[in-house]
Trainee: 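Handing you this structure, nothing more for now.
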Amino acid sequence: ADRRRHLLVSASVQSFGLKRSREVPASHGLRTATAATTLTRHVKELQGIAVLPTYRLIILATLAVATRGFGQVEPIPAPLPPAGPVVILTSQALDGHGATLEDARIGIVDGKITSLDAREDGTVIDLREYTVLPGWIDTHVHLGSHFNAEGRIATEEEPPMEAAMGIAQAAWNTLMGGFTTVQTVGEMSERPLRDAIRDHGFPGPRVLTSLEWVTGTTESTPEELLAQVRERKEQGADLVKIFASASQRVGATPTITEAQLKLLCDEVHRLGMRSMVHAYRSQVAAAARAGCMQIEHATYATKEELQVAVDHGTYISPQVGLVVQSYLANKARYLGVGNYTEEGMQTMKRDMVHDFEVCSLAASLPGARLVFSTDATAGAHGRNAEEFIGRVEYCGQTPMEALVSAAKIAAEAMGMENQIGKLAPGYEADIIALDGDPLTDLSAVNRVVFVMRGGVIYKWPGAAARRR
């Protein structure tokens, strides 16, 4: 049976092509996503609640293949969210904006929250044993980064079928970890994944993407830089990620000037997109002065340079609890590809103390917009919540502050503050539940027992218990 399932998946994945990224290490993805209208429908059984097992969701998703070559037809419309009504009973809920709700009855209709004091009509889900929160938001991941069949970081030599499954599995793992919205920043494969989830019910978190990032040197002409930004707009990017510094593994030195940063970020905003800058050292202040919206990493920046970002209202996004730890734990799987060298790994290990320092400095500055992001790559997908523990241990945030950074602040940084990141009427029904209270036992963030995105339930062991 396992062999037959493998053959079915392998055959169906051939419907996904690949667009090779120019980045190293190779992170691949889908050129065209097929229509998968019925993948995650809300199956009505057990009073309207059913959860598809993981392997069935993935297989069903990849088996939904569009027919080609028989004339022009309209695109298949996106599946509608479950009509409801659904009511979630809670004893303790955190609203995502810093408030605790007692005994809320969350009403849901057509995939949106309608009330926090709903009548117990329709389908009733009892989560009173757990802590309920809005689905978390990670503003920086790399879903295309995954390990290949041999357990090594995937490169452009990976067979297309395996690459397609790798990115789909990363998305699924992330959703199962409680993250219902992510921003994946770095390659073209992210666009068809985003579209398949948004338009065809493919299982995964809501995805926003920068596609490939924008790079340059101090010798790059304005025309060369602006052409990259305009190309991302034409390609359908949700934001633009700009490299202002080299990788930490090769020195973290500046790659473009402040004037070039301003040129780029001004153009990004003129085109109606958001800007994110990969920056270390003095480039943190330069990006803030240039009017860029979000700064990633910020390692080696001084308190004064961070204060410039605070004064400009720039979102600051250090990583302390997951990405470097994952690189080091999986070092043998990365070494020998691109700039993944022994020397580079030792640099990351040695300088973790500076990652912690910059996060602590930023958290101590009044008014700092410290937003949640993990930079999750292969080996880290689905473990994103470990960053919460790092934020508390190394940055000095309280558990509530860390959780709010992955809800209210992250939604604001992504321009979605009126749609996600809060348990309130009118917001998307992105809801998770934890086994435990993260305000008193932060390890509860690693015990996600319930996941709903847009009113669709993707994880709930309680459904199986009711069947028994």
Trainee: Could you tell me whether a side-chain N or O of R391 sits under 3.5 Å from a main-chain N or O of V320, the two making a donor and an acceptor?
Mentor: no
Trainee: Would you say R453's side chain and P205's backbone share a donor-acceptor pair under 3.5 angstrom?
Mentor: no
Trainee: How long is the gap from CG on D195 to CD on E190, to the nearest 0.5 Å?
Mentor: 11.5 Å
Trainee: Do R274 and Y315 form a cation-pi contact, if we require the NZ or CZ to be under 6.0 Å from the six-membered ring centre and within 45 degrees of the ring's axis?
Mentor: no
Trainee: Sequence neighbours left out, what passes side-chain hydrogen bond (donor to acceptor under 3.5 Å, both in side chains) with R119? Give chain and number order.
Mentor: none
Trainee: Considering non-hydrogen atoms only, spot the tightest contact between I316 and A298 and give its length.
Mentor: CG2-CB, 4.5 Å
Trainee: Under a 3.5 Å threshold, yes or no: a donor from one side chain and an acceptor from the other, between D437 and Q92?
Mentor: yes
Trainee: What is the minimum heavy-atom distance between T215 and F243, and which atoms define it?
Mentor: CG2-CB, 4.2 Å
Trainee: For Q397, enumerate each residue passing the side-chain hydrogen bond (donor to acceptor under 3.5 Å, both in side chains) test, keeping only those at least two apart in sequence or located in another chain.
Mentor: none
Trainee: If only atom types and distance count, is the side chain of T302 paired as donor or acceptor with the main-chain N or O of E305 below 3.5 Å?
Mentor: yes
Trainee: Mark yes or no for whether Q183, through its side chain, and T139, through its backbone, hold a donor-acceptor pair below 3.5 Å.
Mentor: yes
Trainee: Determine the sole option in L370, I137, V371 for which the side chain to side chain contact (heavy atoms under 4.5 Å, CB included) test with I409 is passed.
Mentor: V371
Trainee: Side chains of S115 and D117 only: does a donor on one sit below 3.5 Å from an acceptor on the other?
Mentor: no
Trainee: So, does R191 use its side chain to make a donor-acceptor pair with the main chain of Q235 at under 3.5 Å?
Mentor: yes
Trainee: Is it the case that Q283 and S245 place a side-chain donor and acceptor less than 3.5 Å from each other?
Mentor: no
Trainee: Ignoring hydrogens and geometry beyond distance, is a side-chain donor-acceptor pair present between T374 and Q319 at under 3.5 Å?
Mentor: no
Trainee: Does G144 offer a backbone N or O that forms a donor-acceptor pair with the side chain of H146 under 3.5 Å?
Mentor: yes
Trainee: Which of parallel (below 30°), tilted (30 to 60°) and perpendicular (above 60°) describes H97 and Y427?
Mentor: perpendicular
Trainee: Could you check, using the six-membered ring where one of them is a Trp, whether H278 and H140 have ring centers closer than 6.0 angstrom?
Mentor: no
Trainee: For G436, does its backbone N or O pair with a side-chain atom of T131 as donor and acceptor, under 3.5 Å?
Mentor: yes
Trainee: Might you point out which heavy atoms bring L365 and V310 nearest each other, and give the distance in Å?
Mentor: CD1-CG2, 3.8 Å
Trainee: Just by distance, do the side chain of Y458 and the backbone of W172 share a donor-acceptor pair under 3.5 Å?
Mentor: no
Trainee: I'd like to check the side-chain hydrogen bond (donor to acceptor under 3.5 Å, both in side chains) partners of E417; sequence neighbours left out, ordered by chain and number.
Mentor: none
Trainee: Can you pull the ring-ring contact (aromatic ring centres under 6.0 Å, His included) pairs that have at least one residue in residues 391-421, sequence neighbours excluded?
Mentor: F356-Y394
Trainee: Do the side-chain N and O atoms of S91 and R128 include a donor-acceptor pair separated by under 3.5 angstrom?
Mentor: no
Trainee: If the condition is side-chain hydrogen bond (donor to acceptor under 3.5 Å, both in side chains), which residues does D355 pass it with, not counting sequence neighbours?
Mentor: T299
Trainee: Quick one: disulfide bond (SG atoms under 2.5 Å apart) pairs with a partner in residues 78-124, sequence neighbours left out?
Mentor: none
Trainee: Counting distance only, does the side-chain N/O of H142 pair as donor-acceptor with the main-chain N or O of V185 below 3.5 Å?
Mentor: yes
Trainee: Give a yes or no answer on whether the side chain of D430 reaches the backbone of G454 with a donor-acceptor pair at less than 3.5 Å.
Mentor: yes
